[in-house]
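Beneath this line is the structure, given in structure tokens, with notes to follow.
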There are 2 protein chains.
Amino acid sequence: MALREPVILPHLQDCGSCTIRHRAVCARCDSDELARLEQMKYYRSFQAGQTVIWSGDRMDFVASVVSGIATLTQTMEDGRRQMVGLLLPSDFVGRPGRSTAAYDVTATTDLLMCCFRKKPFEDLILSTPHISQRLLEMTLDELDAAREWMLLLGRKTAREKIASLLAIIARRDVSLNPRKSGPIVFDLPLTREEMADYLGLTLETVSRQVSALKRDGVISLEGKRHVTVNDFDRLLEVAGDDSDGGYPV
Amino acid sequence: MALREPVILPHLQDCGSCTIRHRAVCARCDSDELARLEQMKYYRSFQAGQTVIWSGDRMDFVASVVSGIATLTQTMEDGRRQMVGLLLPSDFVGRPGRSTAAYDVTATTDLLMCCFRKKPFEDLILSTPHISQRLLEMTLDELDAAREWMLLLGRKTAREKIASLLAIIARRDVSLNPRKSGPIVFDLPLTREEMADYLGLTLETVSRQVSALKRDGVISLEGKRHVTVNDFDRLLEVAGDDSDGGYPV
DNA sequence: GCCCTGCCTTGATGCAGATCAAACGGGAAC
DNA sequence: GTTCCCGTTTGATCTGCATCAAGGCAGGGC
């Protein structure tokens, strides 16, 4: 198969939110492959709060997030919940070679996903090595992120957990909309309860620790969601991260 | 590239410990690829307790475990440690496309690894789609395991954590040496401290909860390491796992 | 305006697991 | 045999977070 100059899938140009990560899957596709991808693709949209798919359900597609935010969660019978992943625009969901969903996938904001029928997608990657290589790379990044999260869940204090989460969101935000300088400002995409589910805490503890970080001047709050990080290095310090700490979420 | 009948790499036959997982990487290789793999491979052995590689070190190989057990751990500056993975025979370690280690890798028993020089290995998988597909599959399994572990670390009680770990080891043990019926018996491959690092607990709590499971008749102990699982379903129940609960470790 | 609802904050109390401390036991060296 | 050492057990106490409970606040419907 001939490698070519990068070609971007039309739907990725349309959606306006395509990122390096997503684009890279398609950048080396030739026009035949692009046509096949176009054929098997379709869009689905969800409202905030809607469930995309329940753990254990039949899942006959793979997808990437075009816009909005979704979460992956696991639930125990008695209702204890743990978020195991956060899907942001360009993130991939679904697993070639598996037919049922392993996690609950829920839209936390209005959500648009670009889906590919699973069977033809699997056939395509079998004959298109650079796509499976790209998937491997993305999966390894996710594995690193999951393992970083294991350290957080197993060993960090509530305060460190909150600071870590804020740092990750801040970092992600900066990389998406690079800014001049000065404080980092963003809106939290998660409720206190969702943050708690992500961090292995209760929502009360999240609330208290966010207030504590505010009281200590590490962050400022305007309303409940709008966060200003006054000093990012200070935040990292509170998070207990090694100086570099580049989460590959 | 022509697919063929399965061919097993000589070194896998030699080492006597090759498993389905490892074998599958090579099963479809043709003789040219086998020769290339043979050329780039070499063995390294470590004593129990030795460090294979430190996080951040240059890592110019990928490897698979031939025999023994190794752990992947992350450490915070103040010494808090979290184990993020357990490497058992046939498990793969290292990451094509990355040149430094992301975790400390430590031999917890005497360890033999079969290493492949990274550069030629990367070149080989670029031209050998079924190997990168197999790596993708293995990585997805590890990701699932990591996420299952996130639920454990974030939401399970100490007692549930211990029971979950014992269940995983028991299950793994049964699948490696299938047995008639009756209780499952195995030796713990980890010290109490290593178990604690894996479970996000202290070694004292591990010790207490193991004793409690023994007192309650869920397991029996002979010495500190030799475990008998009297009733596997009961163990799963204590672990709080959904009935099926097949960890793909 | 009012009330309702969803999300969040704050306070009081309880408990699981951490921490500190001491002793046990089995294997290896002698 | 004795001693040492390491991993482990057990006990006493402390504490960070969960739990239970009561408001607070902003937005939307009427």
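Protein chains get the first letters and strands the later ones, always in sequence-line order, with residue 1 at the start of each.
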Practice task
Calculate the interatomic distance between B:L203 atom CG and C:dA23 atom P; express it in whole Å.
Solution key: 18 Å
Exercise for the section: Indicate whether OP1 or OP2 belonging to C:dT9 is found under 4.0 Å from a side-chain N or O atom of A:S207. Expected result: yes
Practice task
Check if the side chain of B:E204 and the base of C:dC20 share a donor-acceptor pair of N or O atoms closer than 3.5 Å.
Solution key: yes
Practice task
May I have the distance from B:E193 (atom CD) to D:dT9 (atom P), rounded to whole angstrom?
Solution key: 13 Å
Handout entry: Phosphate OP1/OP2 of D:dG7 contacted by B:T191 side-chain N/O (<4.0 Å)
Key = no
Exercise for the section: Would you classify A:G49 as touching base, sugar-phosphate or nothing, given that sugar-phosphate means primed atoms plus P, OP1 and OP2, and contacts are heavy atoms under 4.0 Å? Expected result: nothing
Problem - Between A:S220 and A:K214, a side-chain donor and acceptor under 3.5 Å - result: no
Practice task
Could you state the atom-to-atom distance from CG of B:L188 to C1' of D:dT8 in whole Å?
Solution key: 13 Å
Handout entry: Between C1' of C:dG17 and NZ of B:K156, the distance in whole Å
Key = 18 Å
Practice task
Would you give the length of the straight line joining atom CE of A:M113 to atom CZ of A:F61, rounded to the nearest 0.5 angstrom?
Solution key: 4.5 Å
Completion exercise
Here the distance between atom C1' of D:dC17 and atom CG of B:L153, to the nearest Å, is 17 Å
Practice task
Could you state the atom-to-atom distance from CE of A:M195 to P of C:dT9 in whole Å?
Solution key: 9 Å
Exercise for the section: Using a strict 4.0 Å threshold on nitrogen-to-oxygen distance, state whether A:D197 and A:R80 make a salt bridge. Expected result: no
Problem - Under-4.0 Å salt bridge between B:D104 and B:R81 - result: no
Problem - Base C:dT10 to side chain A:R215, donor-acceptor N/O within 3.5 Å cut-off - result: no
Practice task
Please check the phosphate of D:dC17 (OP1 and OP2 only) for any side-chain N or O of A:T205 closer than 4.0 Å.
Solution key: no
Problem - Side-chain donor/acceptor of A:R192 to base of C:dG6, under 3.5 Å - result: no
Practice task
Before accepting this row, confirm whether a basic side-chain N of the pair B:R155/A:D78 lies closer than 4.0 Å to the acidic partner's carboxylate O.
Solution key: no
Fill in the blank from the handout: Taking D:dA18, D:dG7, C:dG17 as options, the one with an atom nearest any side-chain atom of B:K224 is D:dG7
Handout entry: Comparing A:R155 and A:L221 on DNA chain C - which has the more 5′ nearest nucleotide
Key = A:L221
Handout entry: Interatomic distance where CG belongs to A:D197 and C1' belongs to C:dC8 [whole Å]
Key = 15 Å
Practice task
May I ask you to say whether B:K224 pairs ionically with B:D187, meaning some side-chain N is under 4.0 Å from a carboxylate O?
Solution key: no
Completion exercise
Closest to the side chain of A:R208, out of C:dA12, D:dG7, D:dC17, is C:dA12
Exercise for the section: Specify the separation, in whole Å, of atom CD of A:E222 and atom P of C:dC8. Expected result: 16 Å
Practice task
Please check the phosphate of D:dT10 (OP1 and OP2 only) for any side-chain N or O of B:S211 closer than 4.0 Å.
Solution key: yes
Practice task
Look at B:T202 and C:dT19 and indicate whether a side-chain polar atom (N or O) is within less than 4.0 Å of OP1 or OP2.
Solution key: no
Problem - Short side-chain N/O contact from A:R225 to OP1 or OP2 of C:dC8, under 4.0 Å - result: yes
